[in-house]
Amino acid sequence: MKTFFLFLVIVTCFAACKKSPPIPIVPVPAGSSVYVAGYENKVAKYWKNSVSVIVSDSANRTNALANCIIVVGNDVYIGGYESETASSNIIAKYWKNGKGVNLTVPNPATSPEITFLAVSGTDVYAAGYEQNGNNIEVARYWKNGTPVSLTV
């Protein structure tokens with residue numbers, strides 16, 4: 001019985017294994033641009049058509065990260081965080097065309113981060129999280145810099 005059970009397990013495993021189809025490469029339409037947000041050497045930046053653009057204040061900050069990007073017309077919005085040079089205080093922020101907008105005040109206990117951006121007309125919505133005093137991450141969004149807690 002044990003042999004039959006082992007045989008059944010092996011056959012099931014092999015039957016479940018199959019090759020995944022290749023991921024299709026989607027061509028970029030002519031005249032379009034590809035934008036990617038991220039960081040390199042602790043400097044927040046984005047790449048437009050493989051050309052990097054620094055958005056964080058690399059001369060005065062020690063650590064920055066870009067999590068998200070949205071392009072609206074000619075405006076490029078990047079969301080993430082940046083820390084102060086003299087401390088590990090992290091500031092949630094977004095950059096619009098390279099100019100930073102702080103959404104939180106420096107506080108080592110909160111570790112805030114922006115993970116999503118949306119723009120509607122003149123309103124900028126930034127979503128992310130910030131830790132409360134008990135090391136619990138609180139979901140938040142900011143509308144034009146004003147924070148709104150989503151959880152208690």
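Remember, predicted model here, so these are calculated numbers, not experimental data.
Hydrophobic clustering keeps Val101 apart from Tyr125 (ILVMFWY residues linked when any side-chain heavy atoms are closer than 4.5 Å, directly or through intermediates).
Under the rule for a side chain to side chain contact (heavy atoms under 4.5 Å, CB included), the partners of Glu130 that lie at least two apart in sequence or sit in another chain are Thr104, Thr110, Pro112, Arg140, Trp142. The side-chain hydrogen bond (donor to acceptor under 3.5 Å, both in side chains) test applied to Tyr129 returns Glu113, not counting sequence neighbours. In this structure Ser120 satisfies the side-chain hydrogen bond (donor to acceptor under 3.5 Å, both in side chains) test with no other residue, sequence neighbours excluded. Take Val71 and apply the side chain to side chain contact (heavy atoms under 4.5 Å, CB included) test, not counting sequence neighbours, and it matches Tyr35, Val76.
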(request) Evaluate the criterion side chain to side chain contact (heavy atoms under 4.5 Å, CB included) for residue pair Asp123 and Lys143; output intermediate values, then yes/no. (result) CA-CA 7 Å; Asp123 294 327; Lys143 178 183 178 185; 3.6 Å; yes
(request) Go through the steps to decide whether Glu82 and Ile90 satisfy the test side chain to side chain contact (heavy atoms under 4.5 Å, CB included), and finish with yes or no. (result) CA-CA 6 Å; Glu82 191 169 52; Ile90 295 174; over 6 Å; no
(request) Start with the C-alpha distance between Asn63 and Lys42, add both sets of side-chain angles, then the distance that settles side chain to side chain donor-acceptor pair (under 3.5 Å), and finish with yes or no. (result) CA-CA 5 Å; Asn63 190 18; Lys42 299 182 181 181; 5.6 Å; no
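The two atoms that bring Ala37 and Ile69 nearest to each other are CB-CB, 3.8 Å, heavy atoms only. For the residue pair Gly128 and Thr115, the shortest heavy atom distance occurs at CA-OG1, 3.7 Å.
A distance of 5.5 Å separates CD of Gln131 from CD of Glu137, quoted to the nearest 0.5 Å. Note that OH of Tyr77 is 13.0 Å distant from SG of Cys68, once rounded to the nearest 0.5 Å. Put simply, OG on Ser111 and OH on Tyr81 are 9.0 Å apart, with the number rounded to the nearest 0.5 Å. Atoms CD1 and CD1, from Ile114 and Ile91 in turn, are 12.0 Å apart once rounded to the nearest 0.5 Å. Between atom OG1 of residue Thr146 and atom CG of residue Leu103 there is a gap of 9.5 Å, rounded to the nearest 0.5 Å.
Between Leu117 and Tyr94 the shortest side-chain heavy-atom distance falls below 4.5 Å.
Asn144 contributes a side-chain N or O that, together with a main-chain N or O of Val124, makes up a donor-acceptor pair within less than 3.5 Å.
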Expected list for residues 43-55: side-chain donor-acceptor pairs under 3.5 angstrom, two or more places apart:
{"unit_1": "Lys45", "atom_1": "NZ", "unit_2": "Glu40", "atom_2": "OE1", "d": "2.7"}
{"unit_1": "Asn49", "atom_1": "OD1", "unit_2": "Val34", "atom_2": "N", "d": "2.8"}
{"unit_1": "Asn49", "atom_1": "ND2", "unit_2": "Ser33", "atom_2": "OG", "d": "3.2"}

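Cluster note: Val105 groups with no other residue, as no ILVMFWY side-chain heavy atom lies under 4.5 Å from it.
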